[in-house]
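Take a look at the structure set out below.
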2 protein chains.
Amino acid sequence: MGSQPTVSDVAGVAGVSRQTVSNVLNAPELVRPETRERVQAAIHSLGYRPHASARRLRTQKSSTIGIRLDPITQDGISGSILDRFLHALTERADRQGLRMLLFTAAGPDDEIEQFRRLSDAADVDAFVLTSTFHGDPRTEWLIEHGQSFVTFGRPWGIDDMTDPEHLWVDVDGRSGLRDATAHLLSQGRRRIGFIGWPAGSGTGDDRREGWLEAMRERSGLTDDELRLLEVAAEDRVPFGADAIRRLEAQGGPVDGVVCTSDSLALGVLTVAGGRIPVVGYDDTPVAASLGFSSVAQPLDEVAAGVLELLTGAHGGRVRPDEEVADPRHRLVAPRLVVRDGPPLIGPR
Amino acid sequence: MGSQPTVSDVAGVAGVSRQTVSNVLNAPELVRPETRERVQAAIHSLGYRPHASARRLRTQKSSTIGIRLDPITQDGISGSILDRFLHALTERADRQGLRMLLFTAAGPDDEIEQFRRLSDAADVDAFVLTSTFHGDPRTEWLIEHGQSFVTFGRPWGIDDMTDPEHLWVDVDGRSGLRDATAHLLSQGRRRIGFIGWPAGSGTGDDRREGWLEAMRERSGLTDDELRLLEVAAEDRVPFGADAIRRLEAQGGPVDGVVCTSDSLALGVLTVAGGRIPVVGYDDTPVAASLGFSSVAQPLDEVAAGVLELLTGAHGGRVRPDEEVADPRHRLVAPRLVVRDGPPLIGPR
DNA sequence: CTGTTAGCGCCTTCAC
DNA sequence: GTGAAGGCGCTAACAG
């Protein structure tokens with residue numbers, strides 16, 4: 001152990017000055033290959049590693065991204081989504097020499113207080129936000145205070161979602177539900193019900209659009225008929241069970257159901273499992289385990305997008321050869337995971 | 001934005017020198033109350049916040065704890081466990097002025113490489129490890145290199161688990177399964193089956209002991225009979241379904257089942273749901289949603305224990321008034337969450 | 001109790 | 001291409 005070697009130690013061993021060592025690390029092309037190799041040999045033999053805090057102090061960059069760990073929701077079953085996103089993000093950040101710093105907050109206001117704390121202390125130089133919502137005060141604060149951030153989720157409720165100050169990445173839930181619905185339609189089924197969250201949730205409304213589009217296009221049902229094929233429920237398993245009962249009571253038997261979440265889908269299965277196909281959303285381990293179809297969010301792509309926007313905005317810059325129409329926002333397509341066999345469960 | 005104020009700015013406003021400011025922050029009792037208040041007023045009015053990197057450079061402490069995000073397992077459904085632990089840990093760490101830094105690793109060797117990287121760069125000054133296993137090379141490396149760490153999980157496979165070099169916190173799975181089994185026995189049920197993981201997993205073997213103890217004590221069955229009441233399965237839902245079939249084929253009908261995990265329990269429910277009570281382990285959202293009993297790990301207590309050991313080992317020291325027999329290891333008791341109503345699901 | 005002095009390890013000028 | 005200063009913001013010693 002002992003204390004770590006410093007640039008001076010390396011310089012001493014290599015017979016150069018300290019800044020030459022620094023140059024080898026930060027601007028290798030400035031150093032003659034011969035010297036460079038000597039220095040690198042010294043670095044290697046000493047096991048030298050730059051002291052992160054010293055570098056951060058000097059450069060005034062933390063190379064650290066803060067992310068809030070969402071409060072645990074006891075309701076649904078899809079807790080693993082953030083987990084998987086976090087994993088993808090951390091892995092990619094690592095590769096770019098960025099660190100992920102965690103924090104928690106009791107609510108939006110507290111989260112803003114954390115923003116303040118972490119940015120004032122120069123602990124992080126960017127934030128990643130999840131689960132944005134209508135009139136989110138957090139993004140407002142961040143923009144106002146010149147903080148760099150990207151959200152996983154669109155700024156719902158705003159007419160113009162292309163605010164250049166607000167960088168976001170999101171999954172195209174509408175297309176996900178359109179695909180899910182189309183899949184069932186293509187099996188010859190016509191009366192496909194939709195079970196979603198109460199209106200106003202942005203994400204939920206968007207997904208509903210997908211179902212509606214597909215149904216209008218290919219089911220042959222009228223809008224009046226379609227209205228009877230949807231019901232809303234809070235995101236909890238028992239409510240999903242209740243919802244399918246209400247749905248069939250109000251509109252008669254259905255040929256299949258698409259849901260806004262795997263939690264709701266699971267609830268539906270407890271009532272109608274094996275009788276009709278059910279498609280969920282998020283492709284949670286539960287969907288995989290029990291064998292029902294689900295729309296999978298490409299969290300790795302989302303993470304990649306988040307980092308690109310972050311580093312691009314920081315200094316990098318989106319490379320010209322991967323020109324995109326709107327370089328400040330990314331909508332990535334989800335993927336329908338089809339599991340057409342009978343599910344493992346059904347009503348008791 | 002502009003740049004943040006520094007100690008000098010505060011000192012200027014308060015009319016004192018820089019280190020008096022520093023003292024107010026780090027050793028308030030050394031400063032006369034009058035001066036202290038003046039300085040604090042200045043701090044407040046300027047919105048001053050110490051620069052984290054500068055402090056870390058100076059003190060040679062990062063006040064940061066590294067934790068690896070476990071690879072996502074597609075198998076079971078219990079991914080949320082680490083998630084919840086991480087949450088509890090982050091929240092408590094925050095309160096003590098400690099930061100949680102994330103990293104990922106492809107395997108134990110890679111993880112050790114990350115240890116090296118993070119500790120060499122003085123990025124973290126302690127690690128928290130999860131899911132320890134038999135002959136874990138990581139703890140060996142950490143001890144050898146004088147790194148401070150605590151594991152969530154015992155050093156399975158070692159005769160003496162009280163190695164003072166290896167600090168750990170764990171949940172007493174044996175007592176958890178004993179309680180679960182006792183609960184079913186107390187309902188007058190006698191033939192309680194056990195479905196666990198293949199022998200050798202430490203955690204799994206420990207939980208099995210709990211079932212065995214309770215059964216020997218109160219079921220009135222002989223060891224030979226008990227042997228027929230247990231089967232092993234990998235931690236996946238369909239294997240749980242298979243396991244209950246094997247169990248009843250080999251030993252006849254059972255009155256209830258206790259499992260090593262909620263994944264297995266869910267599998268059992270797909271076959272025997274509603275017929276016999278099933279108890280899982282981890283109290284995942286799925287257990288709560290579908291309504292089956294499960295053994296809940298007190299993750300908040302585990303997090304508290306981890307931090308106490310970490311800060312105690314660092315400099316703090318366990319306070320004498322909370323004397324414990326073995327201050328370097330903590331075994332916390334889980335809690336059986338009873339859900340005796342009929343589960344939402346059953347065989348299709 | 002307060003102020004002075006001296007770095008922590010690094011990188012960014014600027015000369016040579 | 002390489003070397004010599006200086007300082008990022010903070011705190012640990014010591015003086016006063």
Side-chain angles (χ1 to χ4, degrees), chain A residues 2-40 42-43 46-64 97 117-123 125 315, chain B residues 2-40 42-43 46-64 97 117-123 125 315:
Chain A
S3 56
Q4 295 295 325
T6 75
V7 269
S8 299
D9 298 325
V10 176
V13 171
V16 297
S17 75
R18 295 184 311 182
Q19 18 332 296
T20 301
V21 177
S22 177
N23 281 339
V24 170
L25 261 42
N26 304 302
E29 70 282 2
L30 291 182
V31 181
R32 198 194 314 156
E34 181 193 316
T35 322
R36 195 193 309 158
E37 278 181 32
R38 214 172 56 239
V39 172
Q40 259 150 1
I43 288 177
L46 262 56
Y48 166 78
R49 196 102 46 157
H51 189 288
S53 292
R55 170 178 280 175
R56 295 205 274 258
L57 173 58
R58 182 61 239 235
T59 60
Q60 302 286 42
K61 298 193 166 183
S62 64
S63 299
T64 302
R117 189 172 60 89
L118 291 168
S119 61
D120 281 359
D123 254 321
D125 39 38
Chain B
S3 58
Q4 295 296 327
T6 75
V7 269
S8 299
D9 299 324
V10 176
V13 170
V16 297
S17 74
R18 296 186 311 184
Q19 15 335 292
T20 300
V21 177
S22 175
N23 283 339
V24 169
L25 261 41
N26 304 301
E29 69 283 1
L30 290 183
V31 182
R32 198 193 316 153
E34 182 195 316
T35 321
R36 196 193 308 158
E37 279 182 31
R38 213 173 57 239
V39 172
Q40 259 149 0
I43 289 178
L46 263 56
Y48 165 78
R49 198 101 45 158
H51 191 289
S53 292
R55 172 177 276 175
R56 294 205 275 258
L57 172 58
R58 180 63 240 226
T59 60
Q60 301 286 47
K61 299 194 164 181
S62 65
S63 300
T64 302
R117 188 172 63 87
L118 291 168
S119 61
D120 281 359
D123 254 321
D125 39 35

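Convention: sequence-line order gives letters A, B, ...; per-chain numbering from 1. Only a predicted model underlies this, so the values are computations on that prediction, with no experimental measurement involved. Every heavy atom of this structure was used, including side-chain atoms; hydrogens, water molecules and symmetry mates were not.
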Q) Minimum heavy-atom separation for B/Ala14 to B/Arg38, with atom names? A) O-NE, 2.9 Å
Q. Should B/Arg56 be listed as having a side-chain N or O under 4.0 Å from OP1 or OP2 of C/dC8?
A. no
Q) Is the phosphate of D/dT11, meaning OP1 or OP2, less than 4.0 Å from a side-chain N or O of B/Ser22? A) yes
Q.
Output the rounded distance in Å from CD (B/Glu34) to P (C/dC1).
A. 11 Å
Q: Just compare C/dA6, C/dT12, C/dG3 and give me whichever is closest to any side-chain atom of B/Gln19.
A: C/dG3
Q. If you check every side-chain atom of B/Asn26, which of C/dT2, D/dT11, D/dC10 has the closest atom?
A. D/dT11
Q: Compare every heavy atom of B/Gly47 with every heavy atom of B/Gln4, then report the nearest pair and how far apart it is.
A: OE1-O, 4.2 Å
Q. Nearest to the side chain of B/Leu57 - C/dG3, D/dT11, C/dC8?
A. C/dC8
Q. Which part of the nucleic acid, if any, lies within contact of A/Gln60, taking any heavy atom under 4.0 Å across all strands shown: a base, the sugar-phosphate backbone alone, or nothing?
A. sugar-phosphate
Q: For C/dG9, take OP1 and OP2 only and decide whether either is under 4.0 Å from a side-chain N or O of A/Arg55.
A: no
Q: Rounded off to whole Å, could you give me the CG-to-P distance for the B/Asp9 and D/dC8 pair?
A: 11 Å
Q) Looking across every strand, which nucleic acid part, if any, lies under 4.0 Å from B/Ser8 by heavy atom: base, sugar-phosphate, or nothing? A) nothing
Q: Measure the distance from CG on A/Asp123 to P on D/dG9 and round it to the nearest whole Å.
A: 15 Å
Q: Look at the side chain of A/Arg18 against the base of D/dG6 and say whether a donor-acceptor pair falls under 3.5 Å; ignore hydrogens and angles.
A: yes
Q) Does some side-chain heavy atom of B/Tyr48 sit less than 4.5 Å from a side-chain heavy atom of B/Val13? A) no
Q: Specify the residue among B/Pro33 and A/Tyr48 whose closest nucleotide of DNA chain C lies further upstream toward the 5′ end.
A: B/Pro33
Q) When we call it a touch if two heavy atoms are under 4.0 Å apart, what does A/Ser53 touch: a base, just sugar-phosphate, or nothing? A) nothing
Q) The side chain of A/Ser17 lies closest to which of these nucleotides: D/dA12, D/dA4, C/dT2? A) D/dA4
Q: Consider the side chain of B/His51, meaning its heavy atoms from C-beta on, and name the nucleotide among D/dG9, C/dG3, D/dA4 that approaches it most closely.
A: D/dG9
Q) Think B/Thr35 has a side-chain N or O under 4.0 angstrom from the OP1 or OP2 of C/dT2? A) yes
Q. Phosphate oxygens OP1/OP2 of C/dC1: is one of them under 4.0 Å from a side-chain N or O of B/Thr20?
A. no
Q. With side chains defined as the heavy atoms from C-beta onward, is the minimum distance between A/Val24 and A/Gln40 less than 4.5 Å?
A. yes
Q) Among C/dG7, C/dT2, C/dC11, which is the nearest nucleotide to the side chain of B/Arg58? A) C/dG7
Q) Under a 4.0 Å N-O cut-off, is there an ion pair linking B/Asp123 with A/Arg49? A) no
Q | Whole-Å distance separating the CZ atom of A/Arg38 from the P atom of D/dG1 | A | 15 Å
